[in-house]
Amino acid sequence: MNLQLTQPYRIRRSLSISGGLLPGLLLSAGIAALAMLISRLPLPLLATLGPLTLAMLLGLLLGQRLPVSVSNHSAAGTTLARTRLLRLGIILYGLRISFADLLNVGAAALVIDLCVVVGIFLLAGWVGTRFLKLEAKTALLVGAGSAVCGAAAILAIAPALRARAQDIPVAIATVVLFGTASMLLYPWLWTLPAVQQLFGGSELDFGRYLGATVHEVAQVAAAAGALNDEAGQAAVITKLIRVMLLVPLILVVSSYFSRKENDADGEKAKVSLPWFALIFLLMPLVNASGVLSAELLAQIEQIDTFILAMAMAALGVETRFAALKSSGTRPLLLGGILFVVLIAGGAAISVISGYYF
């Protein structure tokens with residue numbers, strides 16, 4: 001008798017859960033698919049934005065028009081997309097990194113990346129809170145995007161910062177703007193005789209500098225297309241080292257904010273380890289092992305891009321313009337300051353490190 005009552009209940013409950021998640025997941029998937037199709041159109045601006053940013057922008061525009069009844073039905077699915085699917089996407093992102101490639105760029109790339117990531121992140125917190133009067137979490141979101149890898153870093157570090165959902169699109173918009181500007185600026189910089197002289201005529205050194213200071217992986221790849229093959233590869237690999245530094249950064253930030261919030265409550269501090277970031281760190285080992293073929297890795301990369309696009313679309317759908325307007329121009333000003341420091345400070349660090357490595 002109990003079995004007869006329990007089994008139908010479990011079936012109904014399973015259908016209820018899937019039915020609650022399905023509208024939001026389908027909505028996120030539809031926006032992600034549209035973004036990926038648009039990003040492949042032969043238009044320079046669309047190529048620079050990439051499918052992730054396009055998905056967020058499309059979701060943001062659609063989210064303003066959704067009726068309340070539709071938003072309520074899709075909320076569970078979009079929440080799942082921007083949390084658990086996001087973590088899965090970040091884990092799979094690690095398969096794009098090979099340890100063999102990392103070794104080829106030498107110690108100089110690691111030194112430059114460490115200086116850039118630590119320096120820009122701390123500078124964002126200091127300038128943002130002390131001079132621009134931003135909340136620390138908002139300033140550090142912009143700092144993470146500028147220091148590490150743009151939108152992906154912002155999405156990954158937001159849970160560790162305990163950031164508000166409405167602050168994430170603001171930070172993403174900021175780093176996308178200046179990341180796009182840097183992607184267009186760097187190829188022009190290398191045509192200047194003064195810049196070539198600064199780097200001793202070494203296109204390889206300039207490639208490391210490009211990879212250490214441009215925001216997004218896709219933007220680095222696009223900007224490095226103006227360099228020779230060796231310098232272009234060094235730029236992308238240097239960028240991927242920055243991506244790997246996201247893991248220790250998340251661990252430190254998670255530990256700090258866990259202790260800070262628990263100390264405020266008068267409780268014993270507990271550190272929440274981002275398990276997905278730890279798994280991400282193991283993915284280059286899987287890549288280097290040769291277990292996965294090049295064809296399978298390429299397919300996984302496409303799937304991963306779609307999963308991350310779903311997360312971005314869901315984030316856009318759940319964000320309202322009113323929340324973006326309330327943040328004002330200060331995050332944009334912070335992004336501009338970090339942009340200038342990346343160009344000038346990154347060049348200085350790259351040149352100095354070139355003398356020792």
**Q.** side chain to side chain donor-acceptor pair (under 3.5 Å) partners of S350, counting only residues at least two apart
**A.** none

Q) side-chain contact (heavy atoms from CB on, under 4.5 Å) with N287: which residues, sequence neighbours excluded? A) S98, L297

Q) In chain order, what residues pass the side chain to side chain donor-acceptor pair (under 3.5 Å) check against R84, with sequence neighbours excluded? A) none

Q: For R82, enumerate each residue passing the side chain to side chain donor-acceptor pair (under 3.5 Å) test, keeping only those at least two apart in sequence or located in another chain.
A: E318

**Q.** ring-ring contact (aromatic ring centres under 6.0 Å, His included) partners for F339, two or more places apart
**A.** F178

Q | From CG (L92) to CD1 (I279), nearest 0.5 Å | A | 10.5 Å

Q) Partners of A55 by side-chain contact (heavy atoms from CB on, under 4.5 Å), sequence neighbours excluded? A) A35, A309, M312, A313

Q) Residues two or more places apart in sequence or in another chain: which of them pass side chain to side chain donor-acceptor pair (under 3.5 Å) with T213? A) Y186

Q: Sequence neighbours left out, what pairs pass side chain to side chain donor-acceptor pair (under 3.5 Å) with at least one residue falling in residues 187-207?
A: S202-D205, E203-N228, D205-R208

Q. Can you list every pair that meets ring pair (Phe, Tyr, Trp, His ring centres under 6.0 Å) and has a residue in residues 153-173, with sequence neighbours left out?
A. none

(Q) Checking L37 now: which residues fulfil side-chain contact (heavy atoms from CB on, under 4.5 Å) with it, not counting sequence neighbours? (A) none

Q. Under the 3.5 angstrom rule, does the side chain of Y256 hit a backbone N or O of L161 as a donor-acceptor pair?
A. no

Less than 3.5 Å apart, which donor and acceptor atoms pair up between the side chains of residues 113-130 and the rest of the protein, not counting sequence neighbours?
residue: T129; atom: OG1; partner: G125; partner atom: O; Å: 2.5

Q) Who passes side-chain contact (heavy atoms from CB on, under 4.5 Å) against A158, sequence neighbours left out? A) L141, A163, I168

